[in-house]
Amino acid sequence: MSIKFTKLIFYSALLTCYQAVAQVKTDVLIIGGGASGTTAAIQSARMGVKVLVVEETEWLGGMLTSAGVSAIDGNHNMPSGLWGEFRQHLYDYYGGPKAVETGWVSNTLFEPSFGNKTLKTMAQNPNLTVWYKSSLSNIIKDGKTWKAEISNKGKKQNVEAKIVIDATELGDVMGKLKVPYRVGMDSRYDTGESFAPEKANNIIQDLTYVVVLKDFGAKANKTIKKPVGYDPSEFDCCCDVQDPASHDNTPKIDCSQMITYGKLPNGKYMINWPKCGNDIYMNIIEMSDADRKAALEKAKLHSLRFIYHLQTKLGFKNLGIADDEFPTADHLPMIAYHRESRRLDGKVTLTLNDVTSPYTQKTALYRTGIAVGDYTIDHHHLKNPDAPQIDFVKIKVPSYNIPLGALVPKNTEGLIVAEKSVSVTNIVAGASRLQPVVLGIGQAAGALAATAVLSNTDPSEINIRSVQNALLESNAYLMPFIDVKPNDASFKTIQKIGATGILKGTGLSYKWANQTWFYPELQVSEWDLVNGLKSFYPAFAELHPSGNLVNASFMAGAIKAIGQKEVSISQILDFLKQQKFNGLTAESQLSRRMVAHVLDHFLDPFKTEIDFTGKTK
């Protein structure tokens with residue numbers, strides 16, 4: 001053997017040894033590649049920072065895919081950011097909006113396996129790396145650097161990161177770090193929510209081990225082996241499809257409607273049924289991994305009992321467990337559907353009062369909004385008789401937004417919390433847990449992380465408007481205005497002015513899809529405009545409004561009264577003409593759309609920094 005060849009072998013071995021112990025460095029480390037972890041990664045990577053995702057399964061998407069909850073609840077009329085992008089992929093693949101309206105529970109249903117493929121396609125970015133079948137073993141903070149030990153396909157890997165995002169299903173990173181959090185129901189005396197129970201408890205919502213069935217043809221018999229412990233009486237009321245919002249206590253029995261609740265494209269059925277179905281109560285949040293695994297086997301068995309009931313007692317023997325969805329030996333999802341998690345004790349906590357009446361609180365959390373939702377407050381407690389009785393049907397809310405401070409711990413730097421673990425009350429978590437909201441929370445977490453890295457700023461000290469601007473550039477909603485979509489030329493302008501509160505939205509509770517309207521074509525009264533300006537500019541000079549509608553002349557006077565600059569009527573009219581608002585005179589009544597543009601251009605109130613409570617700095 002030549003000396004040259006011997007040296008080559010030596011240096012190759014040395015390099016291999018070095019690589020085996022070398023640190024992996026990244027800007028953002030995301031633990032959990034679920035719904036929020038995936039969108040956080042995509043957003044951060046698109047903003048130009050290096051991202052590493054650690055995911056326990058071999059899929060992306062969490063509850064959307066790995067847990068099989070592939071029927072989207074809410075935000076149908078608010079296609080915000082990456083949620084809207086994901087949905088468009090579904091439309092393109094299946095053949096448009098109607099092609100995914102296959103089940104009555106949702107406007108958007110899809111096969112979990114295709115959801116995973118879609119998210120993996122969206123995640124293709126040179127800045128983004130995903131370690132599948134990997135988990136966090138240990139994590140510590142060394143100065144401003146996070147040092148994590150990752151089990152990567154059974155091998156130890158050390159990672160250094162500037163920012164860590166907890167995107168786990170149950171908030172396990174903040175649990176490991178002992179970051180303050182809450183579990184269970186809050187006391188009304190702590191949150192100020194009249195609907196909350198008097199005493200706090202550790203009761204969470206029922207979870208579900210979803211099953212995806214497939215129609216194998218009318219003559220097929222796909223009945224599974226009778227599961228241990230099967231008792232048909234446990235599922236007696238499963239065909240009751242009565243909507244609780246109807247206030248009608250008479251059962252409405254329709255087994256065919258029950259089974260089509262979560263009908264998916266291509267002859268498949270998502271079985272995620274609460275009434276005498278496969279919901280089950282267990283609180284595994286603070287259990288060890290081993291205890292969790294054992295408990296979830298019980299949840300899985302309970303779901304199999306329900307499937308056996310559907311196939312035998314109800315006659316759906318042609319519906320068998322889909323063999324082309326999940327890469328598991330039993331063809332069941334890789335994870336359970338957790339409706340509730342640890343909840344961070346954050347810089348701020350979003351309460352039901354903030355959701356119900358955002359403009360009348362001492363804080364203005366809506367100004368810091370980073371994700372939106374419109375689904376009603378929906379809790380699953382049918383399987384736990386010990387849960388305090390709360391009539392959630394009576395809780396009426398408009399659509400709402402999530403404040404940025406709900407993602408940021410009070411006293412832990414370099415950490416961002418996402419998924420269902422953000423700082424909201426237990427009651428609010430019944431709405432913020434839904435898929436599009438969690439996707440939006442993840443996108444915001446990614447924008448926050450990238451902004452922090454790029455500005456060399458801790459998330460707790462971030463310029464909130466910079467994060468919101470990044471989201472707006474990605475067509476994400478800050479304010480839940482149903483009537484101004486991202487393809488509207490005024491979308492960003494109206495979102496920014498809405499996030500100041502100078503022009504407010506009108507919220508209302510509407511069935512299962514609550515609303516907030518901006519009404520861009522309505523006129524603005526002088527009184528409303530002045531009060532809006534006063535709420536944002538505390539030093540606003542005294543101006544005496546009437547009930548008249550705002551025109552360019554009044555706008556010029558209002559801008560001057562603020563004391564920032566003097567603008568002529570002709571300047572305002574010329575600017576509006578540039579924005580294609582033609583034929584206006586000094587006395588023409590201006591629409592809310594026009595006023596938003598004028599405010600944004602001549603005052604730019606959105607550039608004014610705010611703190612996590614929404615107060616101007």
Does the plane of the ring in Phe575 sit parallel, tilted or perpendicular to the ring in His597? Use 30° and 60° as the thresholds. tilted

What pairs meet the salt bridge (Lys or Arg N to Asp or Glu O under 4.0 Å) rule with one or both residues in residues 52-74, with sequence neighbours excluded? Glu58-Lys133

Under 3.5 Å donor-acceptor, Asn116 side chain and Leu60 backbone: yes

Between the side chains of Asn77 and Gln515, is a donor N or O closer than 3.5 angstrom to an acceptor N or O? no

Thr425 versus Thr351, side-chain donor and acceptor atoms under 3.5 Å: no

Does Gly373 offer a backbone N or O that forms a donor-acceptor pair with the side chain of Ser399 under 3.5 Å? no

Donor-acceptor under 3.5 Å (Thr26 side chain, Leu29 main chain): no

Does the salt bridge (Lys or Arg N to Asp or Glu O under 4.0 Å) test come out yes or no for Asp488 and Arg593, once each step is laid out? CA-CA 11 Å; Asp488 189 308; Arg593 182 190 298 272; 2.9 Å; yes

Distance-only polar pair, side chains of His89 and Thr121, donor-acceptor under 3.5 Å: no

What I want to check is whether the side chains of Ser490 and Thr493 have a donor and an acceptor closer together than 3.5 Å. no

For Asp172 and Arg292, what are the C-alpha separation, side-chain angles and deciding distance, and is it a salt bridge (Lys or Arg N to Asp or Glu O under 4.0 Å)? CA-CA 12 Å; Asp172 288 338; Arg292 281 183 181 178; 2.7 Å; yes

Between Gln468 and Arg465, does a side chain to side chain donor-acceptor pair (under 3.5 Å) hold up when you go through it step by step? CA-CA 5 Å; Gln468 291 179 313; Arg465 295 307 195 197; 2.7 Å; yes

Quiz item: cation-pi between Lys617 and Phe612, 6.0 Å / 45°: no

Let me see the working for Tyr132 and Trp59 under ring-ring contact (aromatic ring centres under 6.0 Å, His included), right down to the final yes or no. CA-CA 7 Å; Tyr132 296 102; Trp59 280 15; over 10 Å; no

Can you run down the salt bridge (Lys or Arg N to Asp or Glu O under 4.0 Å) pairs that involve residues 360-379, sequence neighbours left out, and say none if there aren't any? Asp378-Arg433

Stepwise, does the side chain to side chain donor-acceptor pair (under 3.5 Å) test hold for Asn469 with Glu473? CA-CA 6 Å; Asn469 267 318; Glu473 289 302 312; over 6 Å; no

No-hydrogen, no-angle side-chain donor-acceptor test under 3.5 Å, Thr39 and Gln443: no

Centres of the Tyr477 and Phe491 rings: under 6.0 Å? yes

Go through it in stages, so that I can follow the logic: the residues are Thr616 and Thr608, the test is side chain to side chain donor-acceptor pair (under 3.5 Å), and I'd like the CA-CA distance, side-chain angles, deciding distance and then a yes or no. CA-CA 7 Å; Thr616 56; Thr608 302; over 6 Å; no

Candidate pair Asp611 and Lys347, rule salt bridge (Lys or Arg N to Asp or Glu O under 4.0 Å), full reasoning: CA-CA 10 Å; Asp611 65 19; Lys347 289 286 185 183; over 6 Å; no

